[in-house]
Amino acid sequence: MEPLRHSTAHLLAAAVTELWPNAKPTLGPAIADGFYYDFDFGNAKISEEDFPKIEERMHTIIKTWKGFEKNVLTKEEALKEFADNPYKKELIEEHSKDSDGLTVYQSGGFRDLCRGGHSTDPKEIKYFKLLSVAGAYWRGDEKQKMLTRIYGTVFPTQKELDEYLTLQEEAKKRDHRKLGRELDLFTFSELVGAGLPLYTPKGALLRRLVNDYVESVQAAQGYTQVWTPQIAKAELFKTSGHYDKYKDSMFKVTSNYSEEEYFLKPMNCPQHTQIYASKARSYRDLPIRLTDFAMLYRDEKPGELSGLARVRAFSQDDCHVFCREDQVDLEVDMALAMTKEIMKTFGLSYKYRLSTHDPEHPEKYIGDPKVWEKTEEWAEKIMKRNKIEYIDGPGEAAFYAPKMDLIAKDSLGREWQLSTIQIDFFLPERFDLEYVDSDGAKKRPVMIHRAIVGSPERFLMVLIEHFAGNFPTWLAPVQVKMLPITERKKS
Ligand SMILES: [Zn+2]
Ligand SMILES: [Zn+2]
């Protein structure tokens, strides 16, 4: 699919530059559902109304294409060819150091700077559709120029294209931002701030029902609820490693009375280590299972905020189990069983992903590579023992542990990563957590992080769209409505 999608992006650029000769094509990759191409249209404004004209031109141009012919250029040749396109020039400067040289692909009369990966037969490029237009900063950088992004999709057959478009229509009808407004569940206020959802009485009830349900399943497994403050000293996050890895997405808080740095908490884990460390623990006290629904805050980029999908304030059903090594298997089995039960309640199908670390980028992780190996093997064994099929997620691990992630599928077949279970040896070490074992020796507990619905707020979005707003009765904020029926007045 990727070569087909990427090739269609070339075709889009060919049509756009014929129709708007001053438009400058920049980058146009294949993406999950299709492709996009970013253009600098100068002073020209384009909208979805221009799509039929562009699509028609694409259909005309494709008839003249025989293939994608590769040309290797020197930096000078490439700079000369793209002399009037500062974006391509920037890319040429960057890629001129690449070992495989600069390549320009030609199809019909259209040439584009590109690394390759095209359809072998342009006749395949037939069943495409332009979808939307949006603003996008050059290289995703807010300080750079705002470009015009045109999204489109393409499929090998008309049937697949139609199916996709029908699904998109249905998704649009179910959009949680639209339904959230219509069902009066949540709102945003410019005065409060972007990415900070306000739950109305009905939305707050729905949120509470989801939390209470998750809480009841957890309580049955021996979890106890704790509550931790919204802010903490930088020292806490420096010790956990969050400061080094996530400082840029944490909100800084200042005090009038001290020079100390504080942050709004992005995660519950570091605080929970301090509850564990608050007293001496014996092997008999373990496992200790803590749950916390306190709010978390992350300084997401304004351009990436979207409804409840990406917010700056949210909570997580992120629990932490402190246990002995010999208890890990049972604890993870229990957590896996819990994910199964909860997904079943909401009627979501799912698959698992084993997210491991990327040995080529050690700077992204903390801890000893040997421990990583051991933990990843352990997680694999647990999945196999539970007869869970899973896909591999290389490079998708958290910075402190591999993850057993659950990816749910909603009623429209869209995938959402929800649950995660992580076996962590590093945070207990960094916080110097201990317990006294049966032989009197001091040992380190293992910390298991696990979330089932992930963020209840984001889960609400999934539920709103999954049920198209028609919640099962136990979740519906309005369960019954009385309709007064009056006797027709006699005239
Ligand atoms: Zn290409
Ligand atoms: Zn955690």
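Reckoned from all heavy atoms, side chains included, excluding hydrogens, waters and symmetry mates. Note that ligands are numbered from 1 as they come in the structure, with each ligand's atoms numbered from 1 the same way.
The pair Glu18-Arg57 meets the salt-bridge criterion, since a charged nitrogen lies less than 4.0 angstrom from a carboxylate oxygen. Between Arg139 and Asp141 there is no salt bridge, since no side-chain nitrogen of the basic residue lies less than 4.0 Å from a carboxylate oxygen of the acidic one. For the pair Lys75 and Glu93, the salt-bridge criterion is met [side-chain N within less than 4.0 Å of a carboxylate O].
If you look at His10 and ask which of its N, O or S atoms sits nearest the Zn ion (ligand 1), the answer is NE2. Taking the N/O/S atoms of His6 in turn, the shortest distance to the Zn ion (ligand 1) belongs to NE2. Residue-level check: among N/O/S atoms of His449, ND1 sits closest to the Zn ion (ligand 2). Taking the N/O/S atoms of His320 in turn, the shortest distance to the Zn ion (ligand 2) belongs to NE2.
No donor-acceptor distance shorter than 3.5 angstrom exists from the side chain of Ser419 to the backbone of Thr339, with no hydrogens or angles considered.
The Zn ion (ligand 2) lies under 2.8 Å from an N, O or S atom belonging to Cys269.
Aromatic pair Phe322/His272: ring centres not closer than 6.0 Å.
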